[in-house]
Amino acid sequence: MAPTSALYGSSPDVSRRILDDIEHQFSLDKDDLIRITSQFLEDFKLGLSEYNHPMAMIPTFVTGVPDGTETGTFLALDLGGTNLRVCEVELLGNQEFVLRQQKYKVSEALKTGEATTLFDYLADSVDAFLTEFASAVPASPTAEQANPFASPSLNDLPDPTVPLGLTFSFPVEQTALNRGKVLTWTKGFAAKNAIGNDVVQLLQDAFDRKHLHVRCVALVNDTVGALLSRAYTSGGCVLGSIFGTGTNGAFVERVENIRKLGDSPARQKGGYMVVNTEWGAFNNTRTVLPTTPYDNKVDRESINPRLQAFEKFISGMYLGEITRNVLLSLIDAAPKPLLFNGRSSKQLNTHYGLDTAVMSEVEEAWEVGRTPIVPINHDTPKEKAAPNGVVVDTASDVPNWQSAHFTDVDALSSEDIARLERIRSVIIQRLDIDAENVSLRDAAIVRWASSLVANRAAKLSGCAVAAVLVQTERAKLGGGFATDEPRISIGVDGSLIQHYPNFNARLRESLRELVGLEVEKKVDIGLAKDGSGVGAALCALQATKQGH
């Protein structure tokens, strides 16, 4: 850990030096961000050229994205845990859709029994949904469309089948839009005789056994789904990204750049294809990521040491644990503790005992009323009001998140004292620290530590977004260049980007440093609505366009 246990002095200056040292370890200046983003671009290139790299850059065989004019009715099946979800998505052709959905329980017996039994249950659930909840007849396009990529009428297909997209949240080796072999089960699933088989065929065989007029036409990753969902509601999208419990991104790439496809028909055809980056595994060697002792401890004690490095720096699953490690180092400082009078609690002593949600509460208590919030865009373009706060016009609109910690409580305003009182209450309640051991200075330190960790996560997230903008020739690293496009649409999903105070503002600050104000102002960061449901249905739409 940081040098907090070999100091034989307890003056304010010594305390300040310890906190300064920790802050320095978490700080990222512009040169750091550029170096990290440059490595992102190198790893993009490597992953697009060869297989079997941590940054996998998986071709999805999705060769187009919707623009919101498409119409039709499509099904989605989302399997990824205790429940499965069946959705019907009716596309209205005006960047709007109607969603009907129903959840079905997956029992332990189904998770561990024969694969045919599990997939028969999936087919039965789709059958039950169609019978009880879905509209009876697939919707046809409402008007002739000039869009060459417009959805065909489902009634014009060779047989009256309903296209379905499958979101399958387990490792697969995807070889086509509608083909992918199951590599392994996770999340408590262990269905027999599934590994090595094509998951789409397993599902289709079950549909056929039940004589259902449903055709599984697409296998979908949730990040790809986020991209497609945002594309439909905003009229186009470059990047779909998840910033939540985990992180990943998928973007639209020129097929000619996906050199590992060789001379395959997909590459010969040219055009564009969505690539699933799997960027959670960026820089597993940690050559450029700003690793601290607190991060090393998180990695060493994780279930996958030395893997998913980037994810461990920026995703909600790990931020609370990093912060817990920082706080414990201050509690354990010697000869005099620097936090909570040296007292801890069961929560703080427990692995993953400090949830990222507690950090969010602490930061919210400090930030509410202090600075303008920069929310992500939840609206479709025609619903947006101009001053929606999505675009930050000047750098001065975002405060200096990396400003030095302040622990001189006596120098604070009465408003800030009130904020620290709220944070003190959160600490006492959420971390179960005795009230007599939580001072306002302690509250200030907890806020500082939370902000340090979250700020670094958001800035690193900005590196990933910037790398995609540079890779797709919409920006140049360092700024000074802007695409002719009036707007660059990015779809996001996940608890951090949606709910963590000012995560989006911090990400945008990083993006502005990397690609310049001119490009950053054009970036429209909007919520991708239900990527695993709506996105899967939209992938089924793309499959019908591509002739599947």
Side-chain angles (χ1 to χ4, degrees), residues 1 26 43 47 52-58 78-83 106 108 111-112 167-173 181-192 194-196 199 221-223 241-249 276-329 344 346-360 431 453-454 456-457 460-461 464 493-496 500 532:
M1 291 299 170
F26 280 89
D43 286 11
N52 301 317
H53 287 284
M55 186 90 92
M57 306 299 285
I58 300 168
D78 179 12
L79 177 66
T82 305
N83 295 309
V106 182
E108 292 302 315
K111 291 180 182 179
T112 57
T167 298
F168 187 73
S169 301
F170 302 93
V172 297
E173 181 184 343
K181 291 182 179 179
V182 182
L183 295 177
T184 184
W185 288 111
T186 57
K187 307 175 191 176
F189 279 72
K192 302 175 182 65
I195 306 300
V199 63
N221 169 275
D222 60 352
T223 311
S241 47
I242 309 294
F243 298 108
T245 305
T247 185
N248 193 13
N276 168 20
T277 66
E278 292 294 337
W279 72 31
F282 166 66
N283 200 221
N284 280 345
T285 56
R286 299 184 181 227
T287 54
V288 296
L289 286 173
T291 303
T292 70
Y294 311 104
D295 299 294
N296 288 337
K297 185 172 185 291
V298 167
D299 181 53
R300 175 168 46 81
E301 296 177 345
S302 70
I303 61 172
N304 55 348
R306 302 192 179 278
L307 298 175
Q308 294 296 103
F310 190 61
E311 187 164 77
K312 289 171 182 171
F313 281 80
I314 75 168
S315 70
M317 179 173 180
Y318 300 101
L319 299 188
E321 183 65 4
I322 298 169
T323 303
R324 186 181 76 91
N325 288 340
V326 173
L327 299 184
L328 284 176
S329 75
S344 188
K346 182 178 180 180
Q347 280 89 336
L348 275 180
N349 291 337
T350 301
H351 198 209
Y352 291 97
L354 197 166
D355 196 279
T356 303
V358 177
M359 296 170 59
S360 181
L431 299 182
V453 174
R456 187 186 65 169
L460 290 172
S461 300
D493 198 3
S495 53
L496 275 179
Y500 197 97
S532 60

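For this chain, numbers begin at 1 and follow the sequence in order. What you see is a predicted model; the values in this text were computed from it and never measured.
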Between Lys312 and Asn304, is a side-chain contact (heavy atoms from CB on, under 4.5 Å) present by the stated rule, with each step listed?
-> CA-CA 10 Å; Lys312 289 171 182 171; Asn304 55 348; 3.2 Å; yes
Trp279 versus Met55, closest heavy-atom pair with distance | CA-SD, 3.4 Å
Looking only at heavy atoms, what is the nearest atom pair of Leu79 and Phe170, with distance?
-> O-CE1, 3.8 Å
Glu173 atom CD, neighbour heavy-atom count above 12 within 6.0 Å = no
Within the side chain of Thr247, is there an N or O that forms a donor-acceptor pair under 3.5 Å with the backbone of Ile242?
-> yes
Apply side-chain contact (heavy atoms from CB on, under 4.5 Å) to Val326 and Thr292, showing your working.
-> CA-CA 10 Å; Val326 173; Thr292 70; over 6 Å; no
Closest approach of Asn296 and Thr291, non-hydrogen atoms and distance?
-> OD1-CG2, 2.8 Å
Side chain Gln347, main chain Leu354, donor-acceptor under 3.5 Å | no
Step through the shown structure and confirm whether more than 12 heavy atoms of other residues, nucleotides or ligands are within 6.0 Å of NZ on Lys111.
-> yes
Check against salt bridge (charged side-chain N to carboxylate O under 4.0 Å, His left out), Asp295 and Arg286 | CA-CA 11 Å; Asp295 299 294; Arg286 299 184 181 227; 5.5 Å; no
Point-to-point distance, once rounded to the nearest 0.5 Å, from CD of Glu278 to CG of Asn221 = 6.0 Å
Spatial distance of atom CD1 (Ile314) from atom CG (Leu496) [nearest 0.5 Å] | 8.0 Å
So OG1 of Thr223 and CG of Asn276: to nearest 0.5 Å the spacing works out to 5.5 Å
One should read off an interatomic distance between Leu328 CG and Asn349 CG, to the nearest 0.5 angstrom, of 6.5 Å
For Asp43, check salt bridge (Lys or Arg N to Asp or Glu O under 4.0 Å) against everything at least two apart and list the hits.
-> none
Look at the side chain of Ser315 and the backbone N and O of Thr245, then say whether any donor-acceptor pair between them is shorter than 3.5 Å.
-> yes
Determine the interplanar angle of the Phe26 and Tyr294 rings, folded into 0 to 90°, and report it as parallel if under 30°, tilted if 30 to 60°, perpendicular if over 60°.
-> parallel
Write down the atom of Gln308, the atom of Ala281, and the distance for their closest heavy-atom approach.
-> OE1-CB, 3.3 Å
Criterion side-chain contact (heavy atoms from CB on, under 4.5 Å) on Asn284 and Arg306, from CA distance to verdict | CA-CA 6 Å; Asn284 280 345; Arg306 302 192 179 278; over 6 Å; no
When rounded to the nearest 0.5 Å, the distance separating CD of Glu321 from CG of Asp355 is 11.0 Å
Show the numbers, then the answer: is there a side-chain contact (heavy atoms from CB on, under 4.5 Å) between Val358 and Thr356?
-> CA-CA 5 Å; Val358 177; Thr356 303; over 6 Å; no
Using modelled atom types only, decide if a donor and an acceptor are shared between the side chain of Trp185 and the backbone of Ala191 within a distance under 3.5 Å.
-> yes
Could you tell me whether the side chain of Thr277 reaches within less than 4.5 Å of the side chain of Phe282, counting heavy atoms only?
-> no
Interatomic distance, CD1@Ile58 vs CG@Asn248, rounded to 0.5 Å, equals 8.0 Å
Output yes when a side-chain donor or acceptor of Ser461 lies under 3.5 Å from a complementary backbone atom of Ala457, and no otherwise.
-> yes
Between the main-chain N or O of Thr112 and the side-chain N or O of Lys192, is there a donor-acceptor pair closer than 3.5 Å?
-> yes
Are Tyr500 and Leu319 close enough that some pair of their side-chain heavy atoms sits under 4.5 Å apart?
-> no
